[in-house]
Structure formats: C-alpha cells, structure tokens
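Encoded as structure tokens, the structure appears first; notes follow it.
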Protein chains: 2
Amino acid sequence: MLSSTAMTDQDPFSPQILALLDRAAAFCATRASRLTDTRRLVLGLILDSSKPVGAYDILDHLRQYQRNAAPPTVYRALDFLLAQGLIHRIERMSAFIGCAHRLECHHGHGCGHRAQFLICSGCGAVSEVEDSEISHAIASAAKKIGFKPHQSTVEIEGLCAICQQG
Amino acid sequence: MLSSTAMTDQDPFSPQILALLDRAAAFCATRASRLTDTRRLVLGLILDSSKPVGAYDILDHLRQYQRNAAPPTVYRALDFLLAQGLIHRIERMSAFIGCAHRLECHHGHGCGHRAQFLICSGCGAVSEVEDSEISHAIASAAKKIGFKPHQSTVEIEGLCAICQQG
DNA sequence: TCGCCTTTAGTTATATTATAACGACTGAGA
DNA sequence: TCTCAGTCGTTATAATATAACTAAAGGCGA
Ligand SMILES: [Zn+2]
Ligand SMILES: [Zn+2]
Ligand SMILES: [Zn+2]
Ligand SMILES: [Zn+2]
C-alpha cells in the first residue's frame, strides 16, 4: 500500500523506494532511455504497493501530484516501463507489479528474464519467481511441436503459505 | 472462421460442429447441468472458429439468431461453459477458445485438466497442449515456497511452425 | 544561438471488455 | 397449487484501454 509517511507533494516516496527509483534511473541511463518525472512517479507508485495495481488506481494516486493526468498519461508510462522490463503486467488481474529482478540484474543489456507469478487468492499478494525448470519445460514443449516461443505468461493462482494457515 | 456453408437461421452449424455439440450436451447431462439453446449456440460459435473469439464478436454472430442478445447473454453463457470446462479463456487476448480435450475426456466428473496455450503472433492461431513436464515443474516450484496452487495460466506467445516459414 | 527533428506529454473523445441490478419466466418437486 | 432455484431479458453502468490531434520539451548539428 502507499505509505502515508514521508508523503509530500514534492517527494511522495520513502527512502527505500527512492533508492529503487535511483537504480531505475541509472538502469535507464545505460539504455539511453529517459525515466521522465511522470514515468518515475508511476514506477514509484507501483513499487510502493504490496500488490499489483490497476491503471486507474495508479491514475487516482498520480492525480495527487499531477492534476491533469489522464488515462493516456498512465498507459504511456506503463508502456515505457514494460518495455524497459521495470514492471510486469499480471494478465489475470489487468494490473501491474514492479519487477523483482530487473533492478538487481547484472547480466547486462536486454536481459529479458523468464518470470512466473504466484497469485494468492486469499490476500491478493503476488510473488515473482524465476524457475528454470518451468522455463525449460516450456521451451521443450514448444520445440516438440515446432513452435518458436518469444515470450511466455505463467500465472499460478492459489493460496500463499500465510493464507493457508488462516 | 465461421463457415458460411450449411448456415441457416435454424441450424447454423456444420455436421462436424453439431457432433461436438451433441457430445457437449451428453457431457452436461452427466453433470446435471443444462446446455440450453443459448449456451449451445455460443459454444457452437466458439467451436466454429479457428481462433479465439472475443465476447463481442460472439455477440455479433449470436444476434443473427437471437435478435435481442445483449452482453449479459453472452457472458452468462461463457461463465457456464468455463465452469463446465468446455471452453478456455485466453487471458492475453481476452478471448475464448473451445477446449480441445474436454469432449474427448473419459476420466469422469470434474476432470480439470492442466492445459497450456501456444499463441502464434503471425496467424493468431492458438493450440492447446497438456504437457506434464510443465505441470509438474509448476507444482514443484509452488511447493518449494509453500504455495498451494489451485489453477494456472500458461500462455506462450511466438511463431507457429507454419508462420516460421513465411 | 538558431533551426530542425524526435520524443514526450496534454487533451478530448471513443473503443473495448465486463458486470450490476431487477424483474419475468420456466420447470421440478413439495 | 405453491414455492424455489435456475435461467433469461433488459437497461444501465463500470472498468480497462486506445485513437487522434496538438503542444511542449529536449537533443543536436550548423
Ligand atoms: Zn521480473
Ligand atoms: Zn495470501
Ligand atoms: Zn482444455
Ligand atoms: Zn502462425
């Protein structure tokens, strides 16, 4: 959720988020892409949430800082962040989540990673994993039928460890 | 695509589709669920397409036979068909496709199968596979982190064998 | 500094996908 | 017959996403 602490019109984010945003800016710099104010703000709002957030939720929050933000404002920022691999779209939820790996990745440019998502239907939390068995199984299944995979969506819905206890 | 042959207001489907619809009706009978006229028509329209079809595409076609069909008409039928496992929803496309396995399944009631989908970005065709390596890898990855999976979405986008040649 | 070009953003309108809510009808069984 | 659950008709609206056009900003060479 959005932290109400340390939230001003000038600088809405916690030091932790600010650090991530700095890394994102540095990452963009290496790719000659521009993390503009709006894009940075949208990324911050996404990173600041413990759950995936919808485009219109982002828009509502964004309007606290940019009075005239409109749907295209948000969708353009999301398109950019998706293209940079800084966020992911969760298809089953039509919502967006920060990439748990991108800002830690040291593999160099264009390191597109194969992520999978575990969606808890109890608490709504989504965890991102990179499981090579799944990736390999997918690549292998595709190869079997002569299909050349480019990108894959793996979203597993169920109950997280915590919600299984409740 | 919808076949224009053998298409009348009374009986819009080819013998091949009619046979599948009969099996679907028989399947529903075993589950004490009712494949009503509208549901049957919607299923037929989906089965008659070589690609996933959107709800509003279905609605357009449905209106040829039911003048007053409206969005809820289609979505109610889709909800039913999804619940029976007779169709699947392709999340990345917000579209629906007939289940390639349900009508051939002899495993008895509630045989929820673990399907994966290969989506060709060249021709739009979607093939459904049941790959146990993928299913096992997913189950195993979930178990690793104490997550109890209930259902999973696997959608692989890329180029089919045919489109790789073009 | 200037002009030129590309990228980004503002703005309005609209498209696309999906659901809420309520009343009427139907058919099975008490 | 009465009642109940399930289904459907109908209207309205919610939620998600994009088109199209204009304006501003930023990079870059002359
Ligand atoms: Zn990621
Ligand atoms: Zn949970
Ligand atoms: Zn299937
Ligand atoms: Zn193809």
Side-chain angles (χ1 to χ4, degrees), chain A residues 24-25 28-46 49 51-84 86-97 124 153 155, chain B residues 24-25 28-29 31-43 45-46 49 51-84 86-97 124 153 155:
Chain A
C28 288
T30 68
R31 309 182 51 161
S33 67
R34 294 164 54 200
L35 188 67
T36 61
D37 286 350
T38 301
R39 292 166 175 175
R40 184 174 177 280
L41 200 39
V42 169
L43 178 57
L45 291 169
I46 293 170
S49 169
K51 300 175 188 175
V53 281
Y56 283 76
D57 287 336
I58 294 170
L59 180 56
D60 286 343
H61 290 300
L62 186 60
R63 281 187 164 139
Q64 298 178 0
Y65 311 103
Q66 295 185 201
R67 197 76 161 296
N68 53 6
T73 312
V74 171
Y75 281 100
R76 284 167 182 157
L78 291 172
D79 285 347
F80 172 85
L81 297 169
L82 286 167
Q84 304 302 312
L86 290 166
I87 63 173
H88 294 287
R89 180 189 159 95
I90 307 298
E91 299 292 339
R92 292 172 70 100
M93 307 178 71
S94 295
F96 303 86
I97 189 175
T153 296
E155 296 176 7
Chain B
C28 288
R31 308 183 51 160
S33 68
R34 295 164 53 199
L35 188 67
T36 61
D37 285 352
T38 301
R39 292 166 175 174
R40 183 174 178 281
L41 200 40
V42 169
L43 177 57
L45 290 169
I46 293 170
S49 169
K51 301 175 187 175
V53 280
Y56 282 77
D57 287 336
I58 294 169
L59 180 56
D60 286 344
H61 290 300
L62 186 60
R63 280 188 165 140
Q64 298 179 359
Y65 311 104
Q66 295 186 201
R67 195 81 159 295
N68 53 6
T73 312
V74 171
Y75 281 101
R76 283 167 182 157
L78 292 172
D79 286 347
F80 172 84
L81 297 169
L82 286 168
Q84 303 302 314
L86 290 166
I87 63 172
H88 295 286
R89 179 188 159 93
I90 306 298
E91 300 292 339
R92 292 171 69 102
M93 306 178 73
S94 295
F96 303 86
I97 189 175
T153 297
E155 295 176 6

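Chain naming here is simple, since letters A, B, ... match the order of the sequence lines and numbering starts at 1 in each.
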When you measure from the side chain of [X], which nucleotide among [options] comes out closest?
| X | options | result |
| --- | --- | --- |
| A:T36 | C:dT8, D:dT10, D:dC8 | C:dT8 |
| B:R39 | C:dT11, D:dT7, C:dA18 | D:dT7 |
| B:S94 | D:dT7, C:dT17, C:dT12 | C:dT17 |
| A:N68 | D:dA17, C:dT12, C:dG10 | C:dG10 |

Can you tell me the distance, in whole Å, between the [atom1] atom of [X] and the [atom2] atom of [N]?
| X | N | atom1 | atom2 | answer |
| --- | --- | --- | --- | --- |
| B:L35 | D:dT7 | CG | C1' | 13 Å |
| B:L59 | C:dT16 | CG | P | 13 Å |
| A:D37 | D:dA24 | CG | P | 18 Å |
| A:R63 | C:dG10 | CZ | P | 12 Å |
| A:I58 | D:dA17 | CD1 | P | 10 Å |
| A:Q66 | C:dT11 | CD | P | 11 Å |
| B:D79 | C:dT17 | CG | C1' | 13 Å |
| B:D60 | C:dT16 | CG | P | 10 Å |

Practice task
Could you walk me through whether B:I87 and B:V42 pass the side chain to side chain contact (heavy atoms under 4.5 Å, CB included) test, one step at a time?
Solution key: CA-CA 10 Å; B:I87 63 172; B:V42 169; over 6 Å; no

Exercise for the section: For A:R67, report the nucleic acid contact type (base, sugar-phosphate, nothing); a contact means any heavy atom under 4.0 Å. Expected result: nothing

Spell out, as yes or no, whether a donor-acceptor pair under 3.5 Å connects the side chain of [X] to the backbone of [Y].
| X | Y | answer |
| --- | --- | --- |
| B:E91 | B:T153 | no |
| A:R39 | A:R34 | yes |
| B:T73 | B:A70 | yes |
| B:R40 | B:L35 | no |

Is [X] near enough to [N] that one of its side-chain N or O atoms lies under 4.0 angstrom from OP1 or OP2?
| X | N | answer |
| --- | --- | --- |
| A:Y75 | D:dA17 | yes |
| B:R89 | C:dA18 | yes |
| B:Y56 | C:dT16 | no |
| B:R34 | D:dG6 | no |

Completion exercise
Of B:A95 and A:T38, the one whose nearest nucleotide on DNA chain C sits closer to the 5' end is A:T38

Handout entry: Contact nearer the 5' end of DNA chain D, comparing A:D57 with A:R76
Key = A:D57

